[in-house]
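Heavy atoms only: backbone and side chains are in, while hydrogens, waters and symmetry mates are out. Numbers for residues simply follow the sequence, beginning at 1.
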Amino acid sequence: MSNSVGQNLIQQHFLRPTVLEHQSKLKGSSGIASNSLCATASLNQSLAQPRKYQISTKFYGNSLSKRKHKLAMGSQRPLAFIPQAVLATDPASENLGKFNIDGNIELQVDASAPTSGSITNVNFRVMYASDSLLLHWGAIRGSNDKWVLPSRQPEGTRNHKNRALRTPFVKSGSSSYLKLEIDDPQIQAIEFLIFDEARNKWQVSVGFVFTKIKNNGQNFHVKLPRTKALVSNISVPEDLVQIQAYLRWERKGKQMYTPEQEKASNKFNNYTVSLLHFSLFFFFCGAIYYASDKILRHAPLLEEYEAARAELLEEISRGASVDDIRSKITKRSGQEYKETAINEENNKIPDDLVQIQAYIRWEKAGKPSYSPEQQLREFEEARKELQAELEKGASLDEIRKKITKGEIKTKVAKQLQNKKYFSPERIQRKQRDLMQLLNKHAVKAVEESISVEVEPKPLTAVERFAKEKELDGSPVMCKKIYKVGEKELLVLVTKPAGKIKIHLATDLEEPLTLHWALSEKDGEWLAPPPAVLPPGSVSLEKAAESKFSISTSGDLPKQVQCIEMEIADGNFKGMPFVLLSGGKIAALESEAQKSFMHRFNIASDLMDQAKNTGELGLAGILVWMRFMATRQLIWNKNYNVKPREISKAQDRLTDLLQSIYTTHPQHRELLRMIMSTVGRGGEGDVGQRIRDEILVIQRHNDCKGGMMEEWHQKLHNNTSPDDVIICQALIDYIKSDFDISVYWKTLNENGITKERLLSYDRAIHSEPSFRRDQKDGLLRDLGHYMRTLKAVHSGADLESAISNCMGYRAEGQGFMVGVQINPIPGLPSGFPDLLRFVLEHIEDRNVEALLEGLLEARQELRPLLLKSTGRLKDLLFLDIALDSTVRTAIERGYEELNNARPEKIMHFITLVLENLVLSSDDNEDLVYCLKGWHHSISMCKSKSAHWALYAKSVLDRTRLALASKAETYQRILQPSAEYLGSLLGVDQWAINIFTEEIIRAGSAATLSSLINRLDPVLRETAHLGSWQVISPVEVVGYVEVVDELLSVQNKSYNRPTILVAKSVKGEEEIPDGTVAVLTPDMPDVLSHVSVRARNCKVCFATCFDPNILADLQAKKGKLLRLKPSSADVVYSKANLNLAPLFMHYSSEVKEGELVDSSSSNLKGDGPSVTLVRKQFVGKYAISAEEFTPEMVGAKSRNISYLKGKVPSWVGIPTSVALPFGVFEKVLADEANKEVDQKLQILKKKLGEGDFGALEEIRQTVLQLRAPSQLVQELKTKMLTSGMPWPGDEGEQRWEQAWTAIKKVWASKWNERAYFSTRKVKLDHDYLCMAVLVQEVINADYAFVIHTTNPSSGDTSEIYAEVVKGLGETLVGAYPGRALSFVCKKNNLNSPQVLGYPSKPIGLFIRRSIIFRSDSNGEDLEGYAGAGLYDSVPMDEEEKVVVDYSSDPLINDGKFQQAILSSIAGAGNAIEELYGSPQDIEGVIRDGKVYVVQTRPQM
């Protein structure tokens, strides 16, 4: 098990996330979600809902009982559903209501009445943070109030105890969506509950009646809208419906349908059709025509059939009788229909004739090399020529005799035997909803009886241990509890007296050892200094090992093992570690080396413990098995074992992996990787054939001595995956006409050297030597033998995997056993043909068609991989093989992209990304990237002016997703590789590159290469250039290269410095002495670091070109001059002979020119700023009308000033404040005397240069108690201002609010703010903090406006950035870019988008209160203190992975223009009000603009 622990100085981002961390955001101390769904609420007061209703949502009693419902019969029809931005887009839809429940949960329901040939759609939208909502539902038929279960159900629906259906909502942004399709006309209503599965909470309706939704005592009840009844109790004969459907189809031009479209018409097979109408039924079930390999059918779809029935019912409703209708529509007799069918069948051109005619055309044209598209066109032209002959009167027999000359027929037959030259060389991919590819960790099922009141769970032993350690009063810098199977592991970091103390504790029972190190940056292992090692520790080369000991505390409910380290505050930022449970793998390695049988059986014995340990345990197994597969471990040592025993051991291990794959879906990615290192195995028969068949080969081909005999002895002694390579080398050697160099080439390319052959227990000394008369027999027999070897050793070999799934049979001969592998039942229709297509094209030079076939096969397999079947592992091995083949194919196809157009490169990107999505757990971000690429291709094909700009944003997001995936692999696997590798004696180079090689072996590395190829194309097309200049300042300085700006933000450079930083997140400070920051990272133009750069006159730019960046990094220590323009940075250096490439101007720079630097960030150049200490004015809380300079800062005053002065369409939130001096007053309160004393000691340490005291001060401030007068005054001001009082929801809610207030006060001592005030010589003691209190607007979008373009300084132009959700992702350190645009002030209705968003995360929050910092140190003359201090919401924001492809701000031009123009208009109005450029923050909610703060633009 491995992990890494950090702190704020020991960096938080080194910590690996855990399930528990996620749960803590959802649950209070009781373990139940804090924001219960069961509470009263009122309807949304929107214009669309003028009437007022009250909805009560509570349970009767302590549990929810459910009635038994009769199970409806019928087949299930999975339905795809794509979330829509607006539910009621159908003009025929009826809005059934939009409600607010519990104040922050919004439910909207609408339904569309059925029209001819359609069904009733019921759409649900829930505005709620959870992504685990289920619709618990059933249908009401007739007067019976019992639930029936419709057979037509959305995909993912589960049958709940045959009494109800449970369908998951689809999460998109802050909303969850669901669509039901009701095709049973007898269903009159839907009843439902909404259940939050993760939080174990129900949402019900009580006493709620209006329009179409009413209450029956407990459930939501939705009456379905219906069209007026056409005719009651009258049915239309099926034969007439069929004729009418045929006439509709004929009127539409006899449309040809693909099999996918026709699936819905399978209902026809359920009808009994009389012989009289057989010809009609022939048409409807599909008169099949072959256009090459593509099947097209004459068949009305189900919708056409139902539309025909509706038309006839309408005729009856107007008074027509059934006989009248029959007479009207059957003017042509049944015989005429029959003749039509027969004639069409007789006139069908056989495919073999079309192929011969196409061959003749190809020969006449000079045998050109046709593309797949051209081949298809040639095929159709050949068919047309033959059809013309038929129309001239020739019969098919005459045509056949004319064109099928023997020679041509033979040529065509050979051509088709080798390759289907004339058939389409491309499969037709099915259209699928990409959201169905989404993988998330499964949630545990809940009990049927659901209790509303749950007693708080008692603390576990590990939690009790943590609480004891926290009681010493030391500031807690980090606290994490990791799940290790059913056990827990605590990591607690505290900071007493300037030192860092790390506690680890666990309730695991077996003896444990901690393998650990210290690090200064992520991924680094440094040996801890001897002084910090706990007693009994052992120092290693780059780590240490320390034993856990039993805790001596007597107050714990069970035994806890613990360990403690104390580290002096310094440069160390993290502590990577591995938890060793007795070193079982290493201890068993000597036994595992005996044979593969031993190794696989040991792995099987360890699997149960690894599974219970979770991710870290399975990672250990993966590392061990991969070291084996890469020949880093010994395969066989002094032990003879039969092949069938190895095969049986493999079979046992793969059966266990198959089982865990089913029961632990959250670990499927790791399990797939483990399986890829292990062969399939098999019970007895397949393994035994390895011994038997080699004897047969030797007998049949008279090759019993020499190398073949030595190989035979090795195979009998201990077969291994090397034998597959040896067999292939022999085949290649024989095919090359016995060229021995080819034999060695195959071996060496696959890692087998002469030394390795000699190292086997039964060594192979000889080279092969065969006679020419043995050639054909050996090739035949070795080819068959290869399948046997691969069946055991190469589960992920494509051909072998296909054979195992499709089935094969090998007869026994004499003593040799026979083998019969049966086909896997239940494979999708057409799947064998799809696999044949893949094998036929596996060596194609042009790989696009092959890639599409491989991915179509994986998509067809995916539903089967989600089920538990006895042959699941064979399907998994096939899927792994298809995955691997995609990677090798794309690498072979790079040449195809050399001169390709952008849309083709993007298409290849979608294929590789789809492959990665299909292989990944937690793939939500990747799925949205895939949707983005599809949208990019669509925009490109439609020649959208912004396609390249949008595609660039998707590319940037994809890069971020790949980086995140690489970091995850590094975090999970590398520590285990470091530890196990050192114990097992693995070569150090193999340990160092372990994770890197795993990444290279997958689709992520291939995808990275493709997007690197596309990036310059997009930049050129979108006119982006190689740079984005954020702060255009000409400077001169020395180049320094750093990994992270964060790591040097507190450093002072003693000479002008140009920093080339690989990572800039957006919240960092710029170090003293820095004159420029150049980075490949993409901070927002309006992020904190960008604003700071402009304020300090520091050149700041993003470089998109890796070649330019590498050139700059190579100039480390050199003196450069930077000359930025609005879109480029020209740099020059001292050495004329090394002039930079890429058209950059070069000239000589001398030392004396350093004085030309205009940066004000040089050490000692900062201005001195004076503050006036603020006093407590006798009030703990004030309303907006009382905001004055003596009471609050500029932030509060500005928002109060805007009220009533901005246009009415701009909303201003209601505000109150805790004025200046309240913090000092609370600190002086008698109840906080100890806190005050401790704070004075810490401030003294800080003044002496101990900057570690900053974190301790912040933690100490959080110990303050609230005076009762403060609570009462704040409550009064909030209620009289119309704001909700948190305490009304319970004491815990007030404590949350009070903690948020203290965090705002504590942010006065955050590192960034403290060092910023020191730089300008500001007296930190004089800095006072008011707290602005506002109600949080649950935003759809957030924005920041600069009313003067900050990059160009253009005062006529507004610049703004927009993000989805709350604005913290814009101003905080969240990766990716916001949507950016400019707008001329004289043309506010024409915003121009500069860049589309690439931020993967949006923040959303329930209805809440936010407490904003408002210090007297913000917006001072010559000093910009804005953004240095924290604003803290009472509730934690939820991070949501956002989907831009369905966002109207991105893909709806009118909506985008309206929103962006509104933002620009608000900015312009506020600038006019103040008469100076403004820096404005705000949000968009339901299309309305709200401004939450404004300040002068710096």
Side-chain angles (χ1 to χ4, degrees), residues 22-42 54-64 99-106 127-130 194-196 198-204 206 450-459 463 467 1180-1181 1214 1216 1218 1226 1231 1262-1305 1331 1333-1338 1404-1411 1432-1438:
H22 176 63
Q23 290 173 339
S24 69
K25 297 177 183 178
L26 305 179
K27 299 182 180 181
S29 59
S30 65
I32 299 300
S34 303
N35 45 343
S36 167
L37 291 176
C38 307
T40 59
S42 61
Q54 293 294 323
I55 309 171
S56 173
T57 55
K58 60 184 180 181
F59 288 107
Y60 291 116
N62 291 328
S63 63
L64 178 65
F99 327 104
N100 273 344
I101 303 170
D102 193 26
N104 67 308
I105 308 166
E106 186 177 280
M127 294 286 290
Y128 184 49
S130 175
I194 296 175
F195 179 51
D196 188 341
R199 305 178 188 187
N200 201 11
K201 287 292 178 183
W202 291 87
Q203 176 62 53
V204 297
V206 180
I450 302 163
S451 174
V452 179
E453 297 290 338
V454 179
E455 290 294 323
K457 293 194 299 186
L459 294 178
E463 289 170 337
K467 195 164 186 178
Y1180 283 100
T1214 302
V1216 300
L1218 282 73
V1226 171
L1262 297 183
Q1263 298 171 20
L1264 289 171
R1265 297 178 183 177
S1268 58
Q1269 188 178 350
L1270 181 151
V1271 178
Q1272 188 56 49
E1273 286 190 28
L1274 182 59
K1275 176 180 180 179
T1276 301
K1277 291 296 182 183
M1278 290 181 70
L1279 291 176
T1280 55
S1281 298
M1283 297 172 67
W1285 170 244
D1288 287 344
E1289 300 177 56
E1291 184 61 27
Q1292 183 185 1
R1293 293 291 286 163
W1294 158 246
E1295 286 300 326
Q1296 284 179 256
W1298 175 236
T1299 300
I1301 292 169
K1302 291 186 289 186
K1303 285 181 177 180
V1304 174
W1305 284 335
V1331 180
V1333 185
Q1334 294 177 323
E1335 193 169 359
V1336 173
I1337 299 167
N1338 190 4
F1404 297 87
I1405 196 169
R1406 56 169 287 178
R1407 187 184 181 193
S1408 186
I1409 303 294
I1410 188 167
F1411 300 89
V1432 184
M1434 192 173 80
D1435 297 281
E1436 193 167 357
E1437 305 99 331
E1438 183 193 11

Which residues pass the salt bridge (charged side-chain N to carboxylate O under 4.0 Å, His left out) test with Glu1289, sequence neighbours left out?
-> Arg1293, Arg1406
Are [X] and [Y] close enough that some pair of their side-chain heavy atoms sits under 4.5 Å apart?
X	Y	answer
Thr1299	Trp1294	no
Glu1437	Phe1404	no
Trp1305	Leu1262	no
Trp1285	Val1271	yes
Met1283	Val1333	yes
Thr1280	Val1216	no
Pro1286	Met1434	yes

Is the side chain of Lys1302 donor-acceptor paired with the backbone N or O of Leu1264 at a distance under 3.5 Å, no angle test?
-> yes
Donor-acceptor contact below 3.5 Å, side chain Ser1281 vs main chain Met1278 = no
Atom CG of Asp1435 and atom CD1 of Ile1409: how far apart are they, to the nearest 0.5 Å?
-> 9.0 Å
For Val1432, enumerate each residue passing the side chain to side chain contact (heavy atoms under 4.5 Å, CB included) test, keeping only those at least two apart in sequence or located in another chain.
-> Ala1300, Lys1303, Val1304, Asp1430
